[in-house]
Amino acid sequence: MTTLFALCDCNNFYASCERVFQPSLNGKPLVVLSNNDGCVIARSNEAKALGIQMGTPFFQIRDLVEIGDLHAFSSNYVLYGDMSHRVMQALGEFAPSIEVYSIDESFLDLTNLLGRDLNAYCWEIKRSVMQWTKIPISLGVAPTKALAKVANRLAKKSQKAKGVLVLTDPYHISEALKATKIEDVWGVGRQYTKLLRKHGVETAYDFTLRPDSWVKKHMAVVGLRLVKELRGESCLELDEIAPPKKGICTSRSFGERLTEYSQIEEATANYAAKCAKKLRKQRSCARVISVFIQTNHFSENDLQYSNSKTITLPVATNSDLELIHYASLCLKSIYRPGYRYKKTGVILTEIVPDHQIQYDLLDTVDRQKHASLMKSLDKLTSRYGRDIVKVATQGYDQSWQLKCERRSPCYTTRLSDLPIVCNER
DNA sequence: TCTGGGGTCCTAGGACCC
DNA sequence: TCTGGGGTCCTAGGACCC
């Protein structure tokens, strides 16, 4: 049975989102910065043409921004999340099933379109998504997911394709594989590139000529699956429903270096609350919590320290109160005075559905009460904005807060997400 | 002075059990 | 004294993704 997949990818997604609401920026170089305005994580084509690389530290391009040759935005994930949802909904109109692979990519199942004019169909998808959401996309179509990735990449690169490439003919497929360098293959990172190069594999095509036994030996089952996919044998299915997450993590670098325990505790408490909220969103609870702290390992002048602590809870929970409590216990055991801390994070694991919790006979927590408290809290925050109500440990100081001086407004979502000052106390 | 954050899957090796 | 083989679970670490 033959399969057919499309990989749809939003072009320069974050940059395109910023432009939707500021069309005057069309045709102008624009970048989006990471948290803390640290480095470049998205670029418009014009910014790429200026030679700005992914990951460039902001301070290296600040001059360009100041003289007006480049526009820079802090990242605005609320806006991007909402725009992503709109694009995925639009794409869903064109296929019986869709796998949302990341914030800006999805696979469509086009198997039932075999034999139709796929090129025309893809152009219709592209035009419609543009009309409905103002986000430009590229489409690659092929018999396997890995080949659809190859097609998508060439669709974007090629002047002739202009954003749509259908690869079904065996001759076209091998030409495409020859035109794809090994490091540009999905699933081949830095280490595998080095290894494959050493064995004379320069392109995706060379890779498909390697015997299965060799691939299995050097790249394990993941590599074997990949090489088969590139040869046209479908090994990766469409995963329509995202499974609940097995680990949930919230971590950030601070806006400035922190030395005081109380400040770091405040940040950690806020990250724990964020994790708790993510848990409740997917209706699960976590049994294990870890907290880590670290100094800035880039800095040669500072004393370096990093550590982490993990605690297994008596009963899995998704309550802010409990998770903040245990996060503080973890932090207390690893905090050492005398360092300039850069970053902390909270990681939750052993995640279970909230209706499958193993209770403890000696449990002293009133779980019903916690659950209804969290329900009210989620209601309040969704109506009045986040942090309208919080646990005292989360504090009001917030000297740890991110730097994001170039944030655009959340055009598409609740009024309460707009940066208005509300009465927290 | 400035350098992101959040995930997944797989494997190897040790502990432990029968 | 020697010394088997199969299974499971856990953990740390590596590799990759966007």
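Residue numbers start from 1 in every chain, and the chains themselves are labelled A, B, ... in the order their sequence lines are given, proteins ahead of strands.
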Subject >> Atom pair OG/CG of Ser253(A) and Asn35(A) - distance to nearest 0.5 Å >> reply: 8.0 Å

**OP:** Please determine if a side-chain N or O atom of Ser34(A) lies less than 4.0 Å away from the OP1 or OP2 oxygen of dT3(B).
**Re:** no

Original post:
Whole-Å distance between dG4(B) P and Leu33(A) CG?
Top reply: 12 Å

Original post:
Quick one: Phe254(A) CZ to dC2(B) P, roughly how many Å, whole number?
Top reply: 15 Å

Subject >> Straight-line distance of Glu18(A) CD to Ser75(A) OG, nearest 0.5 Å >> reply: 9.0 Å

Report all side-chain donor-acceptor pairs from residues 47-66 of chain A shorter than 3.5 Å, counting only partners two or more places apart or in another chain.
unit_1, atom_1, unit_2, atom_2, d
Lys48(A), NZ, Asn12(A), OD1, 2.8
Thr56(A), OG1, Gln53(A), N, 3.2
Thr56(A), OG1, Gln53(A), O, 2.6

**OP:** Only counting residues at least two apart or in another chain, list the ones meeting side-chain hydrogen bond (donor to acceptor under 3.5 Å, both in side chains) with Ser138(A).
**Re:** Asn11(A)

Subject >> Listed partners of Gln294(A) passing side-chain hydrogen bond (donor to acceptor under 3.5 Å, both in side chains), at least two apart >> reply: none

Subject >> Lys390(A)/Glu266(A) salt bridge by N-O under 4.0 Å criterion >> reply: no

**OP:** Mind checking Asp37(A) for me? I need base, sugar-phosphate or nothing, with any heavy atom below 4.0 Å counting as a touch.
**Re:** nothing

**OP:** Could you identify which residues of residues 299-317 of chain A place a heavy atom less than 4.0 Å from some atom of DNA chain B, listed by residue number, or say none?
**Re:** none

Subject >> CA sep, side-chain torsions, deciding dist, call: Glu124(A), Arg127(A), salt bridge (Lys or Arg N to Asp or Glu O under 4.0 Å) >> reply: CA-CA 5 Å; Glu124(A) 193 192 329; Arg127(A) 264 196 303 272; over 6 Å; no

**OP:** Taking only the side-chain heavy atoms of Thr250(A) (C-beta and beyond), determine which of dG4(B), dG6(B), dC2(B) contains the nearest atom.
**Re:** dG6(B)

Subject >> d(CD, Gln60(A); P, dC2(B)) in whole Å >> reply: 13 Å

Subject >> Secondary-structure string, 5' to 3', Watson-Crick or G-U under 3.5 Å, | for another-strand partners, for DNA chain C >> reply: ....||||||||||||||

Subject >> Test salt bridge (Lys or Arg N to Asp or Glu O under 4.0 Å) applied to Lys156(A) - qualifying residues, sequence neighbours left out >> reply: Asp9(A)

Subject >> For atom CZ of Arg406(A) and atom P of dG4(B), their distance in whole Å >> reply: 17 Å

Original post:
Around atom NZ of Lys245(A), are there more than 12 heavy atoms of other residues, nucleotides or ligands at under 6.0 Å?
Top reply: no

Subject >> side-chain hydrogen bond (donor to acceptor under 3.5 Å, both in side chains) involving Glu99(A) - partner list, sequence neighbours excluded >> reply: Lys145(A)

Original post:
Which residues pass the side-chain hydrogen bond (donor to acceptor under 3.5 Å, both in side chains) test with Asn296(A), sequence neighbours left out?
Top reply: none

Original post:
How long is the line joining CD of Gln53(A) and P of dG4(B), in whole Å?
Top reply: 16 Å

**OP:** For Val31(A) and Arg43(A), run side-chain contact (heavy atoms from CB on, under 4.5 Å): C-alpha distance rounded to whole Å, both residues' side-chain angles, the deciding distance at 0.1 Å, then the answer.
**Re:** CA-CA 4 Å; Val31(A) 295; Arg43(A) 308 158 293 162; 4.1 Å; yes

Original post:
What one-letter contact string describes nucleotides 7-18 of chain C from 5' to 3', where B marks a base within less than 4.0 Å of any protein heavy atom, S marks contact via sugar-phosphate atoms alone, and - marks no contact?
Top reply: --------SSSS

Original post:
Atom CD of Glu256(A) to atom C1' of dC2(B): distance rounded to whole Å?
Top reply: 13 Å

Original post:
So, do Tyr341(A) and Tyr335(A) have ring centers that fall under 6.0 Å from each other?
Top reply: yes

Subject >> Which nucleotide in dG6(B), dG4(B), dT3(B) has an atom nearest any side-chain atom of Lys278(A) >> reply: dG6(B)

**OP:** Mind calculating the distance between CZ (Phe58(A)) and P (dT1(B)) to the nearest angstrom?
**Re:** 17 Å

Original post:
Looking for any heavy atom pair under 4.0 Å, which part of the strands does Ser75(A) touch: base, sugar-phosphate only, or nothing?
Top reply: nothing

Subject >> Tyr339(A): ring-ring contact (aromatic ring centres under 6.0 Å, His included) partners, not counting sequence neighbours >> reply: Tyr305(A)

Original post:
Hey, is the side chain of Asn35(A) poking within less than 4.0 Å of OP1 or OP2 on dG6(B), counting only N and O atoms?
Top reply: no

Original post:
Expressed in angstrom and rounded to an integer, what is the separation of Arg252(A) atom CZ from dG5(B) atom P?
Top reply: 7 Å

**OP:** Inspect the surroundings of CZ in Arg197(A) and state if more than 12 heavy atoms from other residues, nucleotides or ligands are less than 6.0 Å away.
**Re:** yes

**OP:** Identify the residue among Lys277(A), Arg280(A), Lys375(A) that makes a salt bridge (charged side-chain N to carboxylate O under 4.0 Å, His left out) with Asp320(A).
**Re:** Arg280(A)

**OP:** List in numerical order all residues of residues 212-249 of chain A for which some heavy atom is under 4.0 Å away from an atom belonging to DNA chain B.
**Re:** Ala220(A), Val221(A), Val222(A), Arg225(A), Lys245(A), Lys246(A), Gly247(A), Ile248(A), Cys249(A)

Original post:
Is the shortest heavy-atom distance from the side chain of Tyr411(A) to the side chain of Asp82(A) under 4.5 Å?
Top reply: no

Original post:
Looking at DNA chain B, which of residues 333-348 of chain A put a heavy atom within less than 4.0 Å of it?
Top reply: Lys342(A), Lys343(A)

